[in-house]
Every structure is written in structure tokens, then in C-alpha cells.
Trainee: 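Take a look at the following structure, please.
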Amino acid sequence: MIRTRFAPSPTGDLHIGGVRTALFSWLYARHHQGEFILRIEDTDIERSSQEAINIILDGMQWLGFDVDEGPFYQSSRNEKYQSAITKLLETGNAYYCYCSKDELDTMRETAMARGEKPKYDGKCRNRENSPDNYDSRVIRFKTPQHGETIVNDLIQGEVRYENSELDDLIILRSDGSPTYNLSVVIDDAEMQISHVIRGDDHLNNTPRQINIFLALGATVPTYAHIPLILDENGKKLSKRHGAASVLQYKENGVLPEALLNYLVRLGWSHGDQEVFSLEEMVKLFDLQDVNKSAAAINPEKLIWLNQQYLKNYDGETLAPLLKEQLDRLSINYTQGPKLEKVCEVQKERVKTIKEMALQSRYFYEDFDDFDPVASKKHLRPVILEPLSELKNRLMALEPWDSNSIQQSITQFCEEIEIKMGKVAQPLRVAVTGNGISPSIDVTLALIGKDRVIKRLDKALEFIQARSA
RNA sequence: GCUCCCAUCGUCUAGUGGCCUAGGACGCUGGCCUCUCACGCCGGAAACAGGGGUUCGAUCCCCCUUGGGAGCGCCA
């Protein structure tokens, strides 16, 4: 049974790097009909927060990552870590260390000065008794000093480490709490994780962890270290660039499917295919096809994908999402066209739902001013007469639907021998306030007769004032 | 500094020794469509980091250089 896990530490936002790690773990489990476990690594009580936990949980739900087990919290699993440490102590695989912070610092400095790694030198490793007095003590794992540890990584291949490059890491802090490297091992062993899929920033921790598995007599899981993702400038993800919370994407009107599709193509591919439904991802994804090199995010491509998804969704699906965005903008949509209809006509002309909301304002709200550029260009004296006449015709038009409107305008244009574009665009500016909208007949139909007439009056006044 | 990882268009990638005058996608760009904005369609510019090998033949294998990245915490 394949069992994977996502193990974020709730010390900040769940950014897209973390989401991709979760995605790969989740996909791998689903692809193999395995199980996906969520574990919150909150051993650092100082930096962990409930807020961050909520963001993780909300984000996972939004993205549709269903978990088979968990969330487990490391903070409530302390006994397990303690008993493991006791066992390591008893089997001679761990020892108390009384070295002070200052001692350790100078130890590192001198090692560096000698051109070596700043490792712990094993001073307390063979100590027989505890010193007479000491400020504090920690417990260190006794890393083998000879031989090598081999990581057989599904993505990185075989990576070898000389054990002499490793040092005796602290597994229990002076305050009695276990450290990361200890708790992951205990949890992965106890939860029977078969495949540890995580960022390759953990690759160098892996030999240390393998040694702990071995000392405990536990089964070492299979590892897959996926390359990190970089910001749009090829730099490490930071708060400023790209590392915004996943929920930020939601707020910006990005569809979860589009985000996942975008993320899955970072480091993974399937020939020339760009668009993958969730089902296809599950079916096609495999760790063997994951790249080893880091990938920079490309927001424009994400947005393009989002548009592709938007285009293919129907109004029913999109309406609730548009509703959220309108709410966010405090646009009252109770008086105006049905949201489904608006979605239907807007979906292929915008890139995000947020943009759709912004572009749909005039369906629900009157505006005070015309866009300066658009009105200067299209609301000119020459159009005063035709527009006025067209208003009269529209006033008399029955029924008020896009077909009739289209017919009426076309006929009018033919009669006065004027091109469609010459009247449609001024009309558009008059009723929307700017030069962008769906086709003019649909736009008028959705805005509604009363509003159209009122806005035309206003536009006519505007033109008169301008020519005076 | 030491250890480990990486290296194809600006970006994401295909490519697993001859099919490559290197393919696709985003973006950019020329055009078509067109009532605006988009969509869609057709076309274009754009890359194998450098140097050595191995081989009849290297983007693909090996080595070095250079350039990125990660780790070396009582953070995770």
C-alpha cells in the first residue's frame, strides 16, 4: 500500500511551493490507489499558529486535496517521541550532551577556520558520567562515524553521503521537546509512510534521518525529493514574490483547477500536453517523470490557463464564484441580470473571475463619469443625431432581447447608411461608461431597457454639453 | 569554506546517440476574423552555458570550468 503525506509546519502562509509538494504527494497516492495523510508539524510552539493551521486546512479544502488520515498534530504526539528517544538512549544510539551554546559556536568557528564543515565534534559522545554541574543538557543521536549512507531517491537517483560528513544531531532540546529530524522519522515510521515526497531542500537531511530509522530498526521509506520552485525572477520564493498564500489566488479569482494544472506542469510533463483535468493528472502523474531542476513560476501562464478553464465552464458553475467576487467589491447584484447570464457572456473575455466582476459593474451599478479616453473618442457631436434617433427606436422596441436589439440596430445602420462600428462603439460607451463589453446587443439586453434609455439620455446630454 | 543537487528559446518544457535545418506551451510579434474587448485561426523572432574527451556520429554518455540552488541550528 502506497502511503504518502504532506507535512507542513504552520509557521506562515501555505504558499504555492507547499501546494505543489502537497499536489505531488496527493497525486502519487491517488494514482496508486494509496492513502494520503496530513500531518501538521507544529513542534516549534513559538512559531506555530492556529491561524496558519487554518490557512493550510482551508487551502487544502479549496484545492480539493482529500485526506485519508489526519490532520495529525505533532504537538500532541509527544509521548511517542519521548519513548523513541528513551529507546535510542537504551540501545546506545543516543547520548546526553552538556555543551553550552558558546562552546558550540566556537566549535563551529574553528571548524570553519580549518576549512571543514561546522559540525559538532562529538565531545560528549563518550562521556561516562554527567558533569558535576551544568546549565542544561540535550540529547544527541549517535550518527555512525564510518561507512556511507545511500539515499535511493526516486527523482534524484542514488545520492551517497560519507557518514563522516554527518554529525551527531540534537534530537531532544534542553526544554525537553523533540526536534524536527527526530519527530519526522518517528512519525513517518509510525504512520507507515511508504513514500516521502518533499522539497529537495530536505535532501541533505535525509541521510541523517535514514540513520535514525536504522537505529530504531524501522523500515526506511522511499524518498522522492522534488525540485524547489522559484519566483518569476528565478530567485527563491519570498513573501514579496510569488509566495503569497494560496488563498490569495482564490481572492484574485483564480480557479483551483487552473492553479493545480499550472503547478503540475512545473517539473512534470506528459509530452506536449498542457491542459490536464484532475482525472488526467491522477491517471498520468508519476514521480519517474519529474524533473530534477528547479522551475521559475510564470504568472502569465497561470492566468492563461485560468482563462482556458473559465471558457469551458458554464454559467451555473461560475455564478457562485462571481457572486463572491462581487461581494468582495461591494457590488449589489440583486437588481440586474442573472449572474449565470453574465458569466456566460463574460467568461471568454476575461482572465479571472475577479476581472469578470470588475468588468461587469455596469450591469448592476450606474456610473457618474464616462471613461475620458473612450468618451473623447466616441461621444462626439457627429453621433448626437444618430444616437438620439436610435434611442427613440430602442424605447419603442418590443421585446427587449438581444435578437430584437441586434435587428433594430442593424436596420438603423442600413437606413442611415452608416457602418455598424460607427454606432455600436458610441452606444457601448454610452451604456457601459467605457469601450469594453460583450457584443452590443447582448450588452444592452442584459443592462435592461430602462437603464439603457437613462444612460443614453445622459450620454446625449454629455455630447451636447461638449459641443456647446 | 565544506557536502549535496541542478544546467535546452525570456519562462515552463519535449528530446534519452543518428528521426533535430531541436518540437510544444506562455509571453512577445506580423496577419486574418471583428461593433469594442476577448476568443479563435494562420505566420514570425527566440535555446542545446563553455571546454575537453568517448564514438563513424553527440542536446543526449564521461570529465573539467563557469553559473545557479540547497544543507551544514536546541527552525522545519
Trainee: Side chain of A/Arg265, heavy atoms from C-beta onward: which of B/C35, B/G24, B/G1 has the nearest atom to it?
Mentor: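 Within the option list, the nearest is B/G24.
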Trainee: On the side chain of A/Asn205, is there an atom forming a donor-acceptor pair with the base of B/A76 - under 3.5 Å, no angle test?
Mentor: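 Indeed there is one.
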Trainee: With no hydrogens and no angle check, just 3.5 Å: does a side-chain donor-acceptor pair link A/Gln50 and A/Asn54?
Mentor: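 Looking only at side-chain atoms, A/Asn54 and A/Gln50 do form a donor-acceptor pair, the distance falling under 3.5 Å.
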Trainee: Using a distance-only criterion (donor-acceptor N/O pair, under 3.5 Å, no hydrogens), is the base of B/C74 paired with the side chain of A/Ser174?
Mentor: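 Result: at least one qualifying N/O pair found.
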Trainee: Can you tell me if the side-chain N/O atoms of A/Ser136 get under 4.0 Å from OP1 or OP2 in B/C74?
Mentor: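 Negative; the distance criterion is not met.
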Trainee: Counting just side-chain N and O atoms, does A/Ser269 come under 4.0 Å of either OP1 or OP2 of B/A14?
Mentor: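 Looking at the OP1 and OP2 atoms of B/A14, one of them is under 4.0 Å from a side-chain N or O of A/Ser269.
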Trainee: Tell me the partner of B/C26, counting only Watson-Crick (N1-N3 plus N6-O4 or O6-N4) or G-U wobble (N1-O2 and O6-N3) with both under 3.5 Å; none if nothing fits.
Mentor: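 By the stated definition (distances under 3.5 Å), B/G10 pairs with B/C26.
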Trainee: Take A/Ser293 and A/Asn291 through the side-chain hydrogen bond (donor to acceptor under 3.5 Å, both in side chains) test and state the conclusion after the steps.
Mentor: CA-CA 6 Å; A/Ser293 52; A/Asn291 275 171; 4.6 Å; no
Trainee: Taking 4.0 Å as the cut-off, does a side-chain nitrogen or oxygen of A/Lys301 come that near to OP1 or OP2 on B/C12?
Mentor: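 No, outside the criterion.
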Trainee: Quick check on B/G73: is either OP1 or OP2 less than 4.0 Å from any side-chain nitrogen or oxygen of A/Arg108?
Mentor: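 The answer is yes; a side-chain N or O of A/Arg108 sits under 4.0 Å from OP1 or OP2.
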Trainee: Side chain of A/Gln308, heavy atoms from C-beta onward: which of B/C26, B/G40, B/A76 has the nearest atom to it?
Mentor: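 Nearest nucleotide to the side chain: B/G40.
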Trainee: Students often get this wrong, so: under 4.0 angstrom with heavy atoms, is A/Ser293 touching a base, only sugar-phosphate, or nothing?
Mentor: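 Here A/Ser293 touches the backbone only, sparing every base.
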Trainee: Only pairs with both distances under 3.5 Å count, Watson-Crick or wobble alike; so what is the partner of B/G40 in this structure?
Mentor: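 Base partner found: B/C32.
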Trainee: Are a donor atom and an acceptor atom from the side chains of A/Asp102 and A/Ser100 found within less than 3.5 Å of each other?
Mentor: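 A/Asp102 vs A/Ser100: no donor-acceptor pair found between side chains.
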Trainee: Within less than 4.0 Å of OP1 or OP2 of B/C39, is there a side-chain N or O belonging to A/Gln307?
Mentor: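 Checking A/Gln307 against B/C39: at least one side-chain N or O falls below 4.0 Å of OP1 or OP2.
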Trainee: Does A/Lys117 place a side-chain N or O at less than 4.0 Å from the phosphate oxygens OP1/OP2 of B/C4?
Mentor: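 Negative; the distance criterion is not met.
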Trainee: Between B/A25 and B/A47, how far apart are the C1' atoms? Round to whole Å, please.
Mentor: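 That atom pair is separated by 15 Å.
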Trainee: So, A/Asp175 versus A/Ser177: side-chain donor-acceptor pair below 3.5 Å or not?
Mentor: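 A/Asp175 vs A/Ser177: donor-acceptor pair found between side chains.
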Trainee: Hey, are A/Thr352 and A/Asn306 close enough side-chain-wise for a donor-acceptor pair under 3.5 Å?
Mentor: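 No donor-acceptor contact under 3.5 Å links the two side chains.
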Trainee: State the pairing partner of B/G57; accept Watson-Crick or G-U wobble contacts with both distances under 3.5 Å, and report none otherwise.
Mentor: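 Pairing partner: none.
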Trainee: Can you check the distance between B/G18 and B/C60, where both ends of the measurement are the C1' atom (answer in whole Å)?
Mentor: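 So the two C1' atoms sit 11 Å from each other.
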Trainee: Name the nucleic acid region contacted by A/His202, choosing base, sugar-phosphate or nothing; use a 4.0 angstrom heavy-atom cut-off, strictly under.
Mentor: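 The residue A/His202 makes base contact.
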Trainee: Which part of the nucleic acid does A/Val159 contact within heavy-atom distance under 4.0 Å: base, sugar-phosphate only, or nothing?
Mentor: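 Sugar-phosphate contact only.
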Trainee: Is it the case that A/Arg349 and A/Gln346 place a side-chain donor and acceptor less than 3.5 Å from each other?
Mentor: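 No pair is found: no donor N or O on one side chain lies under 3.5 Å from an acceptor on the other.
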Trainee: Between B/A25, B/G23, B/C35, which one does the side chain of A/Ile440 approach most closely?
Mentor: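 For A/Ile440, the side-chain atoms sit closest to B/C35.
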Trainee: Considering every strand and a 4.0 Å limit on heavy-atom distances, what is the contact class for A/Tyr161: base, sugar-phosphate, or nothing?
Mentor: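 Since only primed, P, OP1 and OP2 atoms lie under 4.0 Å of A/Tyr161, the category is sugar-phosphate.
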Trainee: What does B/G73 pair with, Watson-Crick or G-U, if both distances are under 3.5 Å?
Mentor: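 Across any shown strand, B/G73 pairs with none.
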Trainee: For A/Gly234, report the nucleic acid contact type (base, sugar-phosphate, nothing); a contact means any heavy atom under 4.0 Å.
Mentor: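 No contact at all - A/Gly234 keeps every heavy atom at 4.0 Å or more from the nucleic acid.
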Trainee: State which of B/C72, B/A76, B/C35 makes the closest approach to the side chain of A/Arg428.
Mentor: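 Minimum distance to the A/Arg428 side chain belongs to B/C35.
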Trainee: Counting side-chain heavy atoms from C-beta on, which of B/G40, B/A70, B/U11 comes nearest to A/Lys311?
Mentor: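 Closest nucleotide to the A/Lys311 side chain: B/G40.
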Trainee: Tell me which nucleotide, if any, is Watson-Crick or G-U wobble paired with B/A49 when both distances must be under 3.5 Å.
Mentor: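 For B/A49, the partner nucleotide comes out as B/U65, under the 3.5 Å rule.
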Trainee: Report yes if the distance between the aromatic ring centroids of A/Tyr180 and A/His202 is under 6.0 Å, otherwise no.
Mentor: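 Between A/Tyr180 and A/His202, the centre distance is under 6.0 Å.
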Trainee: Checking only heavy atoms, does the side chain of A/Asp272 share a donor-acceptor pair with the base of B/G23 at less than 3.5 Å?
Mentor: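 Such a pair is found, so the answer is yes.
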Trainee: When you measure from the side chain of A/Glu348, which nucleotide among B/C12, B/A76, B/A38 comes out closest?
Mentor: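 Selected nucleotide: B/A38.
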Trainee: Does A/Gly435 or A/Glu300 map to a spot on RNA chain B nearer the 5' end, using the closest nucleotide for each?
Mentor: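 Going by which nucleotide is closer to the 5' end, it is A/Glu300.
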Trainee: When you measure only distances, ignoring hydrogens and angles, does the side chain of A/Glu274 come within 3.5 Å of the base of B/G24 through a donor and an acceptor?
Mentor: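 Present.
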